[in-house]
Each structure stands twice: as structure tokens, then as C-alpha cells.
Protein chains: 2
Amino acid sequence: MGKERVTVIDIAHAAGVSKSTVSLVLQASPLVNEVTRAKVNAVIRDLGYVYNRGAANLRQSNSKSKIIGIVVNDLTNSFFAELAVGVDMVVQSAGYVQFLANTAESVDRQREVISSMREHGISGLILSPARGTEAADLKSLVASGIPVVNVVRQVAGAKVSSLVSDNHAGMRDAVRHLAGLGHHRIAFLGGFPDTAVFNERLQGYRDALSDMDLAVHDELVVSSAPSRAGGVAAIERALLLRERPTAAVCFNDAVAFGVCDGLRAHRLDPGEDFAVIGFDDVIEAQTAVPALTTVSVDPQGMGRRAAQLLLKQINAGRADAEAIVSSVRLVVRQSCGSASDKRERLSLL
Amino acid sequence: MGKERVTVIDIAHAAGVSKSTVSLVLQASPLVNEVTRAKVNAVIRDLGYVYNRGAANLRQSNSKSKIIGIVVNDLTNSFFAELAVGVDMVVQSAGYVQFLANTAESVDRQREVISSMREHGISGLILSPARGTEAADLKSLVASGIPVVNVVRQVAGAKVSSLVSDNHAGMRDAVRHLAGLGHHRIAFLGGFPDTAVFNERLQGYRDALSDMDLAVHDELVVSSAPSRAGGVAAIERALLLRERPTAAVCFNDAVAFGVCDGLRAHRLDPGEDFAVIGFDDVIEAQTAVPALTTVSVDPQGMGRRAAQLLLKQINAGRADAEAIVSSVRLVVRQSCGSASDKRERLSLL
DNA sequence: CAAGATAATTGGAACGTTCCAATTCTGTCA
DNA sequence: TGACAGAATTGGAACGTTCCAATTATCTTG
């Protein structure tokens, strides 16, 4: 069954033209006569020809492979799944396909997949680096002129473009909102303290407290895995404090959902008895009950923008590193018990 | 910067051997002398050589590209994200890389991505078909001898392997469990009625009701989008019935979460006032509050098995279609208000 | 109608690898 | 020392495409 491959030569033969002509019609060159083009296209369809990009790519060493790589540190986190979807959208419609790999936070794995991608000749890479990634890991990539766009996390010292959300401003706005609602003891829950993202958000938290003339209490900062389970654990710990917090900003939405779960386990009603704000605005944030107040970063849009940036660099040939921080905005829903409304809740249904 | 590519010939030259020898060491052939091998490897490292799989692949037309494709119909659904992670695991460790594409249920998109993948010479394809996929869409793929494994959904008439979960048995067990707890009016919520999966699950639901000598009322079957929002909508409708149900089996976990949300919006406590069972056992199912009773299909494991099946076929050269139905099991947690326990809930923390 | 311009087509060389058959090298033994 | 076996190495052809320079066919136009 595994038929002989149909090549451009077979078509040329069947259509009574030369392989060069066939090649020309394949790349939709204006040089070829309409009637020949039609004839060739007919034969192509008839014989079930499939273009061999590998061979083509071999010849035109300059132009690249029409493959872009995307590697993320945790695909099971829906933030990254949505990011990947966003990337896929623009990349596909530009005629590229994406290699998607998941590193599960392992830099070894990351090294493997990146080198594997290089062997396949990716034209560019979108990378959400695993924890512990160093500039050296990206060195050879940039040395060979392959554009790289880092998303979500920066890599210190790496000469590559990056697209991160404005973590500082986002968290600052969240805290200000809570303070505006009258909360004095606001916790910061979840996240690993050894990451840049964590520290940026934490700094936003601290700065906002200072701005509002509130004291910062270190015991109100409780770190944990940036996951739903981590959120449960964090709120557990926070509720053990002698002086309980009355509100919390969370490292991300997953943590925030966990926090809501943990509150319910203690017969506390998130949104009523305790205010919760997340970060990311994943898709479930709006349909959850209570709908989650969160800092919207629009993961899918971020994926799209990252892809656009990458494509721009690929086309430009030259990749000068540019660092974009994407602005964010606080989306107020029910979980922070603001004056907002049952109105919104109802209109949802 | 975009340096000249380092080729096998450059290495040969620098190491003072022939390109053939270099090729031999690249494929770890036992034919080459240890000292030469070492020398060559050193040069490879020094010059920063990167293997060109495209060229290699061109030569050895028989052996394939070390790329496998995976296309799913909805990557934002964490079921599929986890599936992809499972596939990635085994595929990576077998030295392959995966092309991942998302079709968002569009068969047009699906056609595009599959043809693009073919051009890149994938060795095999794992496909969760978009709704409306027909056997004809896979025809040319199997004609050219590329192994295909369908997951989650079958495609009627297609001569390809498939790996689906035991939808009938899973739903039957869920309903029996609820009936065993004394429920008489059990709803079936969510899902699109024009899919095979829906009908299998629905049949399981009906058969179980008959088994337990309960009447089947068509008004208790309310379909909706298989998403969280769809779940909210479905329970809304179900609660409008004159004779309300007291329990529900849901098309999948996303729907089940939506149902819980919808119940809360009506001041009903899922697990206490109303029993809910999901399907899939996505990762959040165990950490949610209440923890979701659900039919476990282990998406990640399913991805792994699908990948193994595919690799087997790739290696065998011959792909005889085999249809595997993967068994499932009911995982009882809190959301069905079984006699189970606060115990489990507590031990979780 | 010659000649130049334009349009359409074409044959080879090249891309970076693998494979085959052929060659060189080393050592052994009569 | 000559012959031979085995180990190690090697040059060239091939894979399916693109590109370049060159060729042929078709028009214009003076």
C-alpha cells in the first residue's frame, strides 16, 4: 500500500511539461501561462501529489521551513493552552505550522525539545521558559539567527524579544481596589517565590499597600504551588493566622479558584465573607460561581501578539530584541464582593 | 550573524575524515573506530553543528520523519490539553516531536492542518476529529500508508485505529450509583446530540434506568454545549421542570462544573441538595469543592496509550486498524452526596 | 520580413544527508 | 615476503525540490 511517492517529475511527465514548470505553478508564479497552469493543477489533483517541504526547504537554505516552535512550561494549565491556541491562530493563517512541546518545568526536557526543533529547522521559537532557564540555554539559538520570543517569563541576560504582562501594575490595581472597598488585611496567596513573575506581582502588592497607607505584614504573604491545589493549601495557612485576612489577591486564577474552594470548606462564602481576586482571566473566570474578579491578561490575545511579533522578526530577517510589556486591566466580577451586583450575575444567564 | 550553516562536510574537513565517516558516527554505527568517533564528536561540538533532519529524511525515503501529528478539536478544553501532554510524553521519549494543532471543531481547518502536516512528512497522526469529519477526509492519508489513530471520537467507515473510552459502561455505572442512593428523577445534562459520544453515553443512561426499573422521561435529557457555560444553561432549564430532578449525570466534567455553578446560583448546594456526576475526571475534579464524582477516563493515560499504539504501527510498517475501547471507572467523591465522607475531603488537605 | 522584445519554458546544478560498492589499512599466517 | 581476512574508511550517486541561465515560441514594429 505505502505507494511510491508522487514527485514533481511524475507530474511533469504526465502533464507533458518540465519539472521546472511544475515547480513554477506550485509557487503560483505569474510567469506561467494560464492554460498550462490549469493542466498541471489538474494532474496534481489526479495523481494525489503531496508537496515535499523537506526537499524544498533543503534547496532554499535561506528561506525557512514554515515551522515555528512553541514550548511552554505547563500545558495542563489552561492559561498556556489558551496561549497556544492564540499562537496557532495567527501562525496557521500565515501558512506556518507549530511544533508544540511541553516541558513540565524541566530545563533538561526543554533543552531536548529545543534542540530537536532546531534539527527540524524551525524558523522561530516562542518560549515560555521553564523555571531555571538561563541565558546560556538560548545562546546558540540566537547565534544561528533564529528569532526567539519569550512570553510570560523573561530570561535575564538573554538577547531575545519578550512579551510579558504588566505584573506590577496589575497587582497594584487589584490591591487598590480591595483597599478601596475597605479591606485592611489583604493577603497575597500562591506562587513560587523564586520566579521573576512572583516578585513583580509581590512588588505591586507591596507598593499598593504603601500607597494606600496600609501596613505590609509578611505573614500575609503565603506562597504555594501556582495551582488550584496550591490555592487550597495557601488559604488554609492564611486562615490559621491569629489575625485573619479579610481579602486576598492571588498569584493566578488557578490559585484563586483553589482559595474559593478552601473558603467553602470552611463554610466561608467567597465574595460575601471574603474577597478574592485572581490574575490571568482564564476562560472559566467569567462562568465560575462566584464569577472571579481578576486581572485580565487575555492569554489568547497574548499568544496572538507573540506570534505576530515573531513573524515580524522572521520576515524582517533581522531580530532586534524588543521587550513588550502588555498592559492589563482589572475586571471586577463577584468574587470580591464589590458593590457591583447581582445584576451582572443575572444578566449572564 | 545568521552564520553559514555548518554541514557534515565542514566537520569532515575539520576532523580530517570523509563525510561518510561523519555520517556513520552521527548514526552511532559500530563500524567506526573509537578514536575517530571521539575526534569527530569533539569537532561536532566545537563547530556547533546541528543535524539537518530534512536532508536526512529526503535521502531515506523509507524511514520517516520523526514527526507525529496530533490534532484536537478543542485545546482549550483541559481534557484535550492533558491528552496532548500524554501523547507528548511517550512521543518525545521515543525521539519524535509532535506537531500540535487545534481545529476548534472546524472541518475546514482540520483539512488544512492535516494537509500541512502531510507536506512536512509526519510519520503518523493522532486525531480527535472535528464534528462532521467523514471517512473521506482520512482516505488519502491511509492510502499513502500513514498510520492514523483516532481518539475520543470514531469516524464511521474509516479504516483507522481508534481508542475511545467505554462511554456506555461509564454512564451506566454512574446512573446505577445514583439510583442506588435512592434517586428516581435523574437528569442527563449537556452535550451535542449529533455526536456518537453523546449517543453512547445517552444509551448507557437509558439502559441503566431500565435495569433499575426506573422510567425514562425525555424531558430529563437536556442537551447543551459541552462546556461550563453549557452546564449552567442546562441546569437552568432542568430546574424549570414541574417535577424537578434530584440528581444529574453530565456529559462531561466541564458541564458538571457548570451545573454546580448553576445550582449555587439557585442557592442549592451541589452534593447536598442535588447530586452531580461528571465524565472525564479532569485534573480539577479532585480539587474542586465539592470534589466531583465522575467517570474517570484518565486523559493523560489515554494520550499515552494512543501514542504507544501509533508508534507500534509506525514501527510495524503495517497498520491494521484496531479498535480499542478503554475501560473507565466511577470515582466517587463528594458531589453526589454519597454516604462517602467528610473524611476524604479532610484527608485531602 | 528581419530583428528585437517579451512571454513561456526548460535543463542542469545545487541543497545536506545516507547508502552502496569500492578502496585502503592492519595484522596474521604459511 | 606474499596472500588474505577483517576492520575502517571513502567517493559518488541519489533523494525531491528550487533557482539560474539559457532556450524556444510568440508578438511588435519599423
Side-chain angles (χ1 to χ4, degrees), chain A residues 2-41 43-44 47-67 118-123 144, chain B residues 2-41 43-44 47-67 118-123 144:
Chain A
K3 303 292 171 203
E4 299 294 302
R5 217 182 205 307
V6 179
T7 89
V8 90
I9 299 200
D10 299 325
I11 322 228
H13 196 254
V17 296
S18 80
K19 60 182 167 42
S20 304
T21 306
V22 177
S23 174
L24 258 5
V25 347
L26 283 178
Q27 35 204 144
S29 159
L31 290 180
V32 24
N33 186 300
E34 266 319 314
V35 11
T36 346
R37 180 196 310 284
K39 186 172 50 183
V40 170
N41 275 327
V43 177
I44 285 181
L47 299 194
Y49 167 76
V50 352
Y51 185 69
N52 185 334
R53 246 172 233 280
N57 191 47
L58 181 56
R59 185 54 172 82
Q60 34 184 175
S61 53
N62 51 329
S63 148
K64 295 307 210 5
S65 61
K66 293 300 192 177
I67 302 179
R118 288 194 67 186
E119 294 185 355
H120 284 282
I122 52 171
S123 314
S144 48
Chain B
K3 301 292 170 204
E4 300 294 301
R5 217 184 205 307
V6 179
T7 88
V8 90
I9 299 198
D10 298 326
I11 322 231
H13 197 254
V17 296
S18 80
K19 61 182 167 43
S20 304
T21 306
V22 177
S23 174
L24 258 6
V25 349
L26 283 178
Q27 37 204 141
S29 160
L31 289 180
V32 24
N33 186 300
E34 266 319 314
V35 10
T36 346
R37 181 196 309 284
K39 186 173 51 182
V40 170
N41 275 326
V43 177
I44 285 181
L47 299 194
Y49 167 76
V50 354
Y51 185 69
N52 185 334
R53 247 173 232 279
N57 191 46
L58 181 55
R59 186 55 172 82
Q60 31 182 178
S61 52
N62 50 329
S63 147
K64 295 306 212 5
S65 60
K66 293 297 193 179
I67 302 178
R118 288 194 68 186
E119 294 185 355
H120 284 282
I122 53 171
S123 312
S144 49

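The basis for the numbers below is simple: all heavy atoms, side chains too, and nothing from hydrogens, waters or symmetry mates. Chain naming here is simple, since letters A, B, ... match the order of the sequence lines and numbering starts at 1 in each.
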Which of the following nucleotides, [options], is nearest to the side chain of [X]?
X	options	answer
B:Lys19	C:dT10, D:dG12, D:dT18	D:dG12
B:Ser20	D:dT18, D:dG16, D:dG12	D:dG12
A:Thr7	C:dT9, D:dG16, C:dT17	D:dG16
B:Arg59	D:dT9, D:dT18, D:dC15	D:dC15
B:Leu58	D:dG16, D:dT17, C:dT17	D:dG16

What closest approach, in Å, do [X] and [Y] show between heavy atoms, and which atom pair accounts for it?
X	Y	result
B:Val8	B:Ser23	CG2-N, 4.4 Å
B:Arg118	A:Val50	NH2-CG1, 3.5 Å
A:Lys39	A:Ala15	CE-O, 3.6 Å

Name all stems that contain residues of DNA chain D, defined as runs of 3 or more consecutive Watson-Crick or G-U wobble pairs, both distances under 3.5 Å. C:1-30 with D:1-30
Could you give the distance from CZ (B:Arg53) to OG (A:Ser65), rounded to the nearest 0.5 Å? 14.0 Å
Between [atom2] of [N] and [atom1] of [X], the distance in whole Å:
X	N	atom1	atom2	result
B:Glu34	D:dT9	CD	P	10 Å
B:Arg37	D:dA7	CZ	P	15 Å
A:Leu24	C:dG11	CG	P	14 Å

Measuring to OP1 and OP2 of C:dA8, would you say a side-chain N or O of A:Thr36 lies under 4.0 angstrom away? no
Does C:dT17 have OP1 or OP2 sitting under 4.0 Å from an N or O in the side chain of B:Gln27? no
Classify B:Thr21 by what it touches in the nucleic acid, base, sugar-phosphate, or nothing, heavy-atom distance under 4.0 Å. base
Residues in side chain to side chain donor-acceptor pair (under 3.5 Å) with B:Thr36, at least two apart? none
Can you tell which of A:Thr7, A:Asp10, A:Ile11, A:Ile9 makes a side-chain contact (heavy atoms from CB on, under 4.5 Å) with A:Lys19? A:Ile9
Taking for each residue the nucleotide of DNA chain D with the nearest heavy atom, is it B:Asn33 or B:Ala55 whose nucleotide lies nearer the 5' end? B:Asn33
